[in-house]
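Letters A, B, ... mirror the listed sequences (proteins, then strands); counts begin at 1. Any value given below was found using the heavy atoms of this structure, including those in side chains, with hydrogens, waters and symmetry copies removed.
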2 protein chains.
Amino acid sequence: MSDSSLPAVEVSSTPLERFEEFLQSRGKRVTQQRRALVEHVFRRHEHFDADDLIDEVSKSKSPERISRPTVYRTLKELVDAGLLRQMNINGRAVYEHDYGYPQHDHMHCEKCDKLIEFSSDDIQSLLQEIGLEHGFRISGRRLIVNGVCKECSQTSRRRKRPLDLI
Amino acid sequence: MSDSSLPAVEVSSTPLERFEEFLQSRGKRVTQQRRALVEHVFRRHEHFDADDLIDEVSKSKSPERISRPTVYRTLKELVDAGLLRQMNINGRAVYEHDYGYPQHDHMHCEKCDKLIEFSSDDIQSLLQEIGLEHGFRISGRRLIVNGVCKECSQTSRRRKRPLDLI
DNA sequence: TTTCATGCAAAATGTTTGCACACGA
DNA sequence: TCGTGTGCAAACATTTTGCATGAAA
């Protein structure tokens, strides 16, 4: 799964620092595994799922081979800590950076599975308004626009044209 | 899981008729099970998941006891046929009527799990515009606004106030 | 009478849990 | 040291599949 990116937002502490604060505030421990996972996850800006992460950290030649349950447990903590956002694509959990990253939504290409990020202040204010009308206290949203991306549209058009002309 | 409803849309044929057309157009058969499932699902307007449906049709005293795999298989066909829409709430597939029902989105209450439907033409046109900008051919969307509904806000406020005053 | 659909059981998938040992504070 | 975290294996929940039988066309 690939993705395109929005400009990052300035933040004062690193994801690791922020996670450590979070853990400490809850009386949880800063372990090698948790540290390694945050650093791994924030090394590059990408959408990923639990399996991607497990593959990467278990194949890793480094001494820190992190087990499947620990990855799942830590992902949950990272979401709680506000470092990651979780969404669902085809019934599987997909994660992305939340900390240091602006609010946005996604377009999901049904052909190549690419996630394209976009943001719109108008959507934000529109929903705010609708929430008020319904007395609904909004805490967040999950908006995924389905369809076919530019590249895949072009590819399939090119492939299909000869047949259409017969 | 409960829901609130939007006015229905006029349609010329019944869901069953439409499903039969769909099946025939694909060389599939109109079986007792498929017929029973469509009728069951469209008897009332409600959000439901596979388990709800399996419970209902397997507990059913009537002769048609429909098996789990058949329910799953038929749900998929109903989505393909455009009769049902599928979404994901907490990692499980949830279904709702699509045929004869206007385009809309949902607010999901984190406390009581209620789904509140709403529709907004502005969201529609906003996304249309954004799609154009990105060269993305939109086929649909999944928008779920998370938060707490009016009723649950009131309940928890009532409960919490005495404590806040101490 | 030929397919296709069903039901059964079992597999596959994605995620969570119980428990003994290891390790951070 | 104390109590939490980890890894293992197994459980779990949901959905899918292979295959023999049963029913539509």
Taking atom [atom2] of [N] as reference, at what distance in whole Å does atom [atom1] of [X] sit?
X	N	atom1	atom2	answer
A/Arg35	D/dT6	CZ	C1'	15 Å
A/Asn88	D/dT15	CG	P	12 Å
A/Gln24	D/dT4	CD	P	15 Å
A/Leu75	C/dG14	CG	P	14 Å
A/Arg65	D/dG7	CZ	C1'	8 Å
A/Ile54	D/dC8	CD1	C1'	14 Å
B/Gln86	D/dT16	CD	C1'	14 Å
B/Asn90	C/dT15	CG	P	13 Å

Q | 5'-most by nearest nucleotide on DNA chain D - B/Ala50 or A/Gln33 | A |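 Mapping each residue to its closest nucleotide by heavy atoms, the 5'-most match is A/Gln33.
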Q.
With nearest nucleotide decided by heavy atoms, which residue, B/Asp51 or B/Lys28, maps closer to the 5′ end of DNA chain D?
A.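 Result of the comparison: B/Asp51.
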Q: Compare the minimum distances between each of C/dT15, C/dT16, D/dC8 and the side chain of A/Ala93, then state the nucleotide with the smallest one.
A: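 Of all the options, the side chain of A/Ala93 is nearest to C/dT15.
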Q) Would you say the base of D/dG3 and the side-chain of A/Arg29 have a donor-acceptor pair closer than 3.5 Å? A)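 Counting by modelled atom types and ignoring angles, a donor-acceptor contact under 3.5 Å is found here.
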OP1 or OP2 of [N] less than 4.0 angstrom from a side-chain nitrogen or oxygen of [X], does that happen here?
X	N	value
A/Tyr72	C/dT15	yes
B/Arg34	C/dA5	yes
A/Gln32	D/dG5	no
B/Thr70	C/dG7	yes
B/Thr31	C/dT6	yes

Q: Check every strand shown and say whether B/Arg68 touches a base, only sugar-phosphate, or nothing at a heavy-atom separation below 4.0 Å.
A: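 Base: the residue B/Arg68, judged by heavy atoms under 4.0 Å, touches a nucleobase.
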Q.
Students often get this wrong, so: under 4.0 angstrom with heavy atoms, is B/Arg73 touching a base, only sugar-phosphate, or nothing?
A.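 Here B/Arg73 touches the bases of the nucleic acid.
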Q) Can you name the nearest heavy-atom pair linking B/Tyr101 to B/Glu117, along with the distance? A)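 In terms of heavy atoms, the two residues are closest at OH-OE1, 2.7 Å.
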Q: Might you point out which heavy atoms bring B/Phe118 and A/His134 nearest each other, and give the distance in Å?
A: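 Heavy-atom minimum between the residues: CB-NE2, 4.0 Å.
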Q) How long is the span from the CG atom in A/Asp98 to the CG atom in A/Leu83, to the nearest 0.5 Å? A)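 A/Asp98 atom CG to A/Leu83 atom CG measures 8.0 Å (nearest 0.5 Å).
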**Q.** Under-4.0 Å salt bridge between B/Lys28 and B/Asp80
**A.**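 Looking at B/Lys28 and B/Asp80, the cut-off is not met.
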Q) Which one of A/Glu151, A/Met107, A/His47 satisfies the side chain to side chain contact (heavy atoms under 4.5 Å, CB included) criterion with A/Lys114? A)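 Checked A/Glu151, A/Met107, A/His47 against A/Lys114; only one passes side chain to side chain contact (heavy atoms under 4.5 Å, CB included): A/Glu151.
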